[in-house]
There are 2 protein chains.
Amino acid sequence: MENITEMLKGVLEGCVLEIISRGETYGYEITHQLRELGFTDVVEGTVYTITMRLEKNNWVDIERRPSTMGPPRKFYTLNAAGQEELKAFWRKWDFVSSKINELKAK
Amino acid sequence: MENITEMLKGVLEGCVLEIISRGETYGYEITHQLRELGFTDVVEGTVYTITMRLEKNNWVDIERRPSTMGPPRKFYTLNAAGQEELKAFWRKWDFVSSKINELKAK
DNA sequence: ACAGGTATATAGTATTGCAGAGTAGCTTGC
DNA sequence: GCAAGCTACTCTGCAATACTATATACCTGT
């Protein structure tokens, strides 16, 4: 897919929230899930800046655990504030996407 | 609607392209059309930066004409490159929005 | 004269995704 | 033992974009 960078701004964070809400997970795995979704160019650095933001905003709980596959993993789970934020994200997404599809159809 | 600024990044420009493609129009009117669409907080300055970008990228033809309602208007029409860009925008939108809706539904 | 709507223009700021690189742990094969 | 390759987190600097705030200017109505 051609360059979709700008279009991902403001939605990638929401996608990460949604992925974490499905169950405890960590940065590297989130990256791979986003790529599997179709956003093939997402790199670890990008996801890292997002998870750092989630931490800073206190939307996630964190637990560090060792891995047999490499260095320790930092597992994230959504806390109450994070779940509120996720809801807000989908509200915004439904609004914006419906408006844009309206424009497209008209 | 709560703050949708970040979500508009990368799509607002496409909306402006679409609006211009419907027929010759100018910045101030584009702003009002976006507001009518539902993006009520869009201001003239924002649209101006977008139209400047369209000019810079040579996606529009420009004609300046006097108005009976105030200062002269700068009318925009999409040229061939602009129409290509509009098509590319919708391709990207369809891709990204389908992936996000897929994530939402899963 | 003044207020208010119409209309373009611009400087400065915040947010966000990305490129590029570094550090570190574990497994496999030579 | 050790290099290669995957796993995994971290950090810096950058580019793109929407917004804030303001300035300028034209016209109409009071």
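Proteins get letters first, then strands, A, B, ... in listed order; numbering begins at 1 in each. All values below were derived from every heavy atom in this structure, side-chain atoms included, with hydrogens, water molecules and symmetry-related copies excluded.
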Spacing of [X] atom [atom1] relative to [N] atom [atom2], expressed in whole Å:
X: B:Arg64; N: D:dA25; atom1: CZ; atom2: P; value: 13 Å
X: A:Leu54; N: C:dG17; atom1: CG; atom2: C1'; value: 14 Å
X: A:Tyr28; N: D:dT10; atom1: OH; atom2: C1'; value: 15 Å
X: A:Glu2; N: C:dG17; atom1: CD; atom2: C1'; value: 18 Å
X: A:Met7; N: D:dA16; atom1: CE; atom2: C1'; value: 14 Å
X: A:Arg35; N: D:dT7; atom1: CZ; atom2: C1'; value: 13 Å
X: B:Asp41; N: D:dT20; atom1: CG; atom2: P; value: 8 Å
X: B:Ile62; N: C:dT8; atom1: CD1; atom2: P; value: 11 Å

Quiz item: Under a 4.0 Å N-O cut-off, is there an ion pair linking B:Asp41 with B:Arg35?
Solution: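 No, B:Asp41 and B:Arg35 are not salt-bridged.
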
Quiz item: Hey, are B:Lys92 and A:Glu6 close enough for a salt bridge, meaning a charged N less than 4.0 Å from a carboxylate O?
Solution: no

Practice problem: Examine distances only and state if a side-chain atom of B:Thr40 and a backbone atom of B:Glu36 form a donor-acceptor pair shorter than 3.5 Å. | Solution: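 Between the backbone of B:Glu36 and the side chain of B:Thr40 there is no qualifying donor-acceptor contact (under 3.5 Å).
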
Quiz item: Would a distance-only check, ignoring hydrogens and angles, find a side-chain to backbone donor-acceptor pair under 3.5 Å from B:Ser98 to B:Asp94?
Solution: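 Indeed, once roles are kept as given, a pair shorter than 3.5 Å links the two residues.
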
Quick check for you: among [options], whose closest atom lies nearest to any side-chain atom of [X]?
X: B:Tyr48; options: C:dG17, D:dA18, C:dT8; value: C:dT8
X: B:Arg73; options: D:dA18, C:dT6, C:dG25; value: C:dT6
X: A:Tyr26; options: C:dG17, C:dT10, D:dA8; value: D:dA8
X: A:Leu12; options: D:dC9, C:dC18, C:dA24; value: C:dC18
X: A:Glu44; options: D:dC9, D:dC19, C:dA24; value: D:dC9
X: B:Thr5; options: C:dA7, D:dC19, D:dT7; value: D:dC19
X: A:Ser67; options: D:dA8, C:dA7, D:dC9; value: D:dA8
X: A:Arg53; options: C:dT16, D:dA8, D:dT20; value: C:dT16

Quiz prompt | Side-chain-base donor-acceptor pair under 3.5 Å for B:Lys9 and D:dA16 | solution =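 Donor-acceptor pair under 3.5 Å: no.
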
For [X], report the nucleic acid contact type (base, sugar-phosphate, nothing); a contact means any heavy atom under 4.0 Å.
X: A:Arg65; value: nothing
X: A:Pro72; value: sugar-phosphate
X: A:Thr68; value: sugar-phosphate

Quiz item: Angle class for the B:Tyr28/B:His32 ring planes (parallel below 30°, perpendicular above 60°, tilted otherwise)?
Solution: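 Tilted, since the angle between the ring planes falls between 30° and 60°.
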
Quiz item: 5'-most contact on DNA chain D: A:Glu6 or A:Met69, nearest heavy atom basis?
Solution: A:Met69

Quiz item: When you match B:Gly45 and B:Ile50 each to their closest nucleotide on DNA chain D, which lands nearer the 5' end?
Solution: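 The residue whose closest nucleotide sits nearer the 5' end is B:Ile50.
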
Exercise. Check the pair B:Arg53 / B:Glu13 against salt bridge (charged side-chain N to carboxylate O under 4.0 Å, His left out), numbers first and verdict last.
Key: CA-CA 9 Å; B:Arg53 204 154 64 228; B:Glu13 179 181 289; 2.8 Å; yes

